[in-house]
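Have a look at the structure below, then the notes.
Side chains included, hydrogens not; waters and symmetry mates left out as well; all remaining heavy atoms used. Just so we're on the same page: letters track the sequence lines, and every chain starts at 1.
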2 protein chains.
Amino acid sequence: MAGIREQKKQDTRQAIMQAAIKLFSEKGFEKTSIEELAKAAGIGKGTIYSYFQTKSDILHAFCEDELVCLHQELTDNADKEIPILQQMVAIYMSEFRLITENREFGRLFMQQTAFPRDVDLAQHLENEDNYFKLLFPLLEKAQDRGELRKDVELLHIVGHFYGLYLLLVSAWYTGRIPTEEAEIALETLFRQAMEGLGPLPESGRTKN
Amino acid sequence: MAGIREQKKQDTRQAIMQAAIKLFSEKGFEKTSIEELAKAAGIGKGTIYSYFQTKSDILHAFCEDELVCLHQELTDNADKEIPILQQMVAIYMSEFRLITENREFGRLFMQQTAFPRDVDLAQHLENEDNYFKLLFPLLEKAQDRGELRKDVELLHIVGHFYGLYLLLVSAWYTGRIPTEEAEIALETLFRQAMEGLGPLPESGRTKN
DNA sequence: GAAAAATATTGACTGCAGTCAGTTTTTCTC
DNA sequence: GAGAAAAACTGACTGCAGTCAATATTTTTC
């Protein structure tokens with residue numbers, strides 16, 4: 001049977017990830033060498049490269065895993081009846097917390113996620129699609145409740161929120177938005193997105 | 001007098017930039033080594049590092065220069081009376097063209113610009129401030145013409161547009177938006193931003 | 001204009017990411 | 001279960017980014 005080999009592969013991958021989390025957290029990403037990492041994981045240097053293409057891939061894989069869990073959890077447990085604005089803020093804020101928990105990790109992850117190398121595209125698109133699949137139902141419900149326009153594609157709506165999230169993270173890295181103001185800033189941006197930047201119609205703004 | 005030294009410094013910097021443009025264009029960024037670059041510029045390897053902190057800084061400095069010129073030119077010559085939406089599309093599209101002209105350059109530039117390393121923060125913030133100063137007058141005029149809400153901070157408006165621009169570039173790198181659809185996509189996003197994602201008030205949407 | 005101080009330049013050196021030819025381990029075949 | 005085929009593992013090796021102690025050039029001082 002094809003059992004031992006598969007099992008070992010899982011174990012090795014796990015060992016690399018474990019060692020990576022430990023060392024990256026202790027010494028930082030840059031200061032940890034692949035050779036150290038290999039030693040800590042109890043394998044040879046070359047082996048790492050049959051599991052991950054580059055050093056930062058290891059980090060990225062870890063973040064990706066965390067995010068997938070987080071998103072799944074959030075969308076499963078979310079209260080789907082509260083206003084979509086609050087739902088989106090909640091989802092993106094927990095992503096934000098994960099990213100900003102470790103400044104250095106987060107930067108590499110965001111750089112790779114927002115502007116991925118061509119080599120990583122296939123993987124990236126798959127992750128992104130899964131992500132959209134999680135958000136779409138929430139947005140559809142919101143459309144049904146009349147909170148969102150129905151004449152705009154869901155993909156565009158997701159994109160819109162995501163763009164503003166990118167801005168938030170960018171502004172955090174430049175120091176324009178400090179951690180403690182992030183949530184309020186995101187809410188403000190999302191509210192602006194809902195209401196529009198154009199002039200108020202004479203009937204006044206819709207709220208929330 | 002403090003002339004010869006200053007002059008030489010200018011010349012050397014220029015020589016590095018020239019050599020960089022040439023080699024990066026011919027062989028690509030990754031394939032060009034600092035040693036080659038130094039030889040092409042007629043200086044020693046170490047000297048490069050007293051002008052730029054890292055290899056990608058050289059690229060970044062080049063892009064930054066180009067963008068500063070471009071923005072100045074655009075905002076000077078722009079027709080300040082056409083709808084703000086068209087103005088913003090024009091400005092960001094020329095930035096987009098510059099970025100996407102060379103995929104690899106552009107990626108590094110965007111990664112650095114959106115999520116800059118802490119070492120580069122001071123420089124980055126200065127550039128960003130200059131950039132805002134160029135856009136603010138355009139937005140203020142638009143507010144006066146009644147095209148933009150006056151109860152939203154200019155910084156938030158700029159941020160909003162910039163976030164959507166980040167999204168566009170990101171979507172281009174993932175292949176979700178092909179080059180030829182970029183302009184229409186950006187216009188759509190910006191229009192959505194103006195109109196809002198929330199439900200249409202009974203009086204109907206404002207147009208443009 | 002000579003000696004001293006300040007600044008710029010240099011390339012040999014270090015450390016590490018990533019490769020690859022050779023070796024070991026697992027699976028398949030009869 | 002022996003021998004062949006396939007897959008995984010390994011660490012010596014390569015190439016390059018970035019450093020730094022030594023050297024060269026420019027400016028300042030008297």
Study note, to complete from the structure: To the nearest angstrom, the CD-C1' distance between B:Q7 and D:dT25 comes to 16 Å

Practice item. State, to 0.1 Å, how close A:A19 and A:A40 come at their nearest heavy-atom pair, and which atoms those are. Key: CB-CB, 3.9 Å

Exercise for review: Could you tell me whether the side chain of B:K9 has a donor or acceptor atom within less than 3.5 Å of a complementary atom in the base of C:dA8?
Suggested key: no

Return all side-chain donor-acceptor pairs below 3.5 angstrom for residues 178-188 of chain A, not counting sequence neighbours, or 'none' if the list is empty.
{"from": "A:T179", "atom 1": "OG1", "to": "A:W172", "atom 2": "NE1", "distance (Å)": "3.0"}
{"from": "A:T188", "atom 1": "OG1", "to": "A:I184", "atom 2": "O", "distance (Å)": "2.7"}

**Study point:** Rounded interatomic separation in angstrom, taking NZ from A:K45 and C1' from D:dA12
**Key:** 10 Å

Point to revise | N or O in side chain of B:T47 less than 4.0 angstrom from C:dT10 OP1/OP2 | key: yes

Check your understanding: Would you say B:Q53 has more than 12 foreign heavy atoms packed within less than 6.0 Å of its CD?
Key -> no

Practice item. Specify the residues of residues 53-62 of chain A, ordered by number, for which at least one heavy atom lies under 4.0 angstrom from an atom of DNA chain C. Key: A:T54, A:K55

Exercise for review: Could you tell me whether A:F52 contacts a base, only the sugar-phosphate backbone, or nothing, with contacts defined as non-hydrogen atoms closer than 4.0 Å?
Suggested key: nothing

**Study point:** A:T12 side chain near D:dC9 phosphate (N/O to OP1/OP2, under 4.0 Å)
**Key:** yes

Exercise for review: Output the single nucleotide from D:dA17, C:dT9, D:dT25 whose closest atom is nearest the side chain of B:Y49.
Suggested key: D:dA17

Check your understanding: For A:E128, which residues count as a salt bridge (charged side-chain N to carboxylate O under 4.0 Å, His left out) partner, sequence neighbours excluded?
Key -> B:R176

Check your understanding: Tell me the ring-ring contact (aromatic ring centres under 6.0 Å, His included) pairs involving residues 56-82 of chain A, sequence neighbours left out?
Key -> A:H60-A:F109, A:H71-A:Y131

Review point. Parallel under 30°, tilted from 30 to 60°, perpendicular over 60°: which one fits the rings of B:F105 and B:F24?
Key: perpendicular

Review point. Passes side chain to side chain contact (heavy atoms under 4.5 Å, CB included), B:Y165 versus B:M88? Steps please.
Key: CA-CA 10 Å; B:Y165 171 68; B:M88 293 309 257; over 6 Å; no

Exercise for review: Estimate the overall bend of the helix from C:dG1-D:dC30 to C:dC30-D:dG1 from the end axes over five pairs each, rounded to 10 degrees.
Suggested key: 10°

Study note, to complete from the structure: Closest non-hydrogen atoms of B:K55 and B:T32, given as atom of the first, atom of the second and distance, are NZ-O, 2.7 Å

Check your understanding: With B:D11, which of B:Q7, B:K9, B:R13 fulfils side chain to side chain donor-acceptor pair (under 3.5 Å)?
Key -> B:Q7

Check your understanding: Distance check: side-chain N/O of A:Y51 vs OP1/OP2 of D:dC9, anything under 4.0 Å?
Key -> yes

Review point. Is atom CD of A:E95 surrounded by more than 12 heavy atoms (other residues, nucleotides or ligands) closer than 6.0 Å?
Key: yes

**Study point:** Comparing A:K8 and B:K8 on DNA chain D - which has the more 5′ nearest nucleotide
**Key:** A:K8

Exercise for review: Output the single nucleotide from C:dG18, D:dA17, C:dT9 whose closest atom is nearest the side chain of B:S50.
Suggested key: C:dT9

Check your understanding: Whole-Å distance between C:dG11 P and B:I48 CD1?
Key -> 12 Å

Study note, to complete from the structure: Numerically ordered, the residues 15-44 of chain B set in heavy-atom contact under 4.0 Å with DNA chain C is B:I43, B:G44

Review point. Under 3.5 Å, side chain of A:E35 to main-chain N/O of A:K45, donor-acceptor pair present?
Key: no

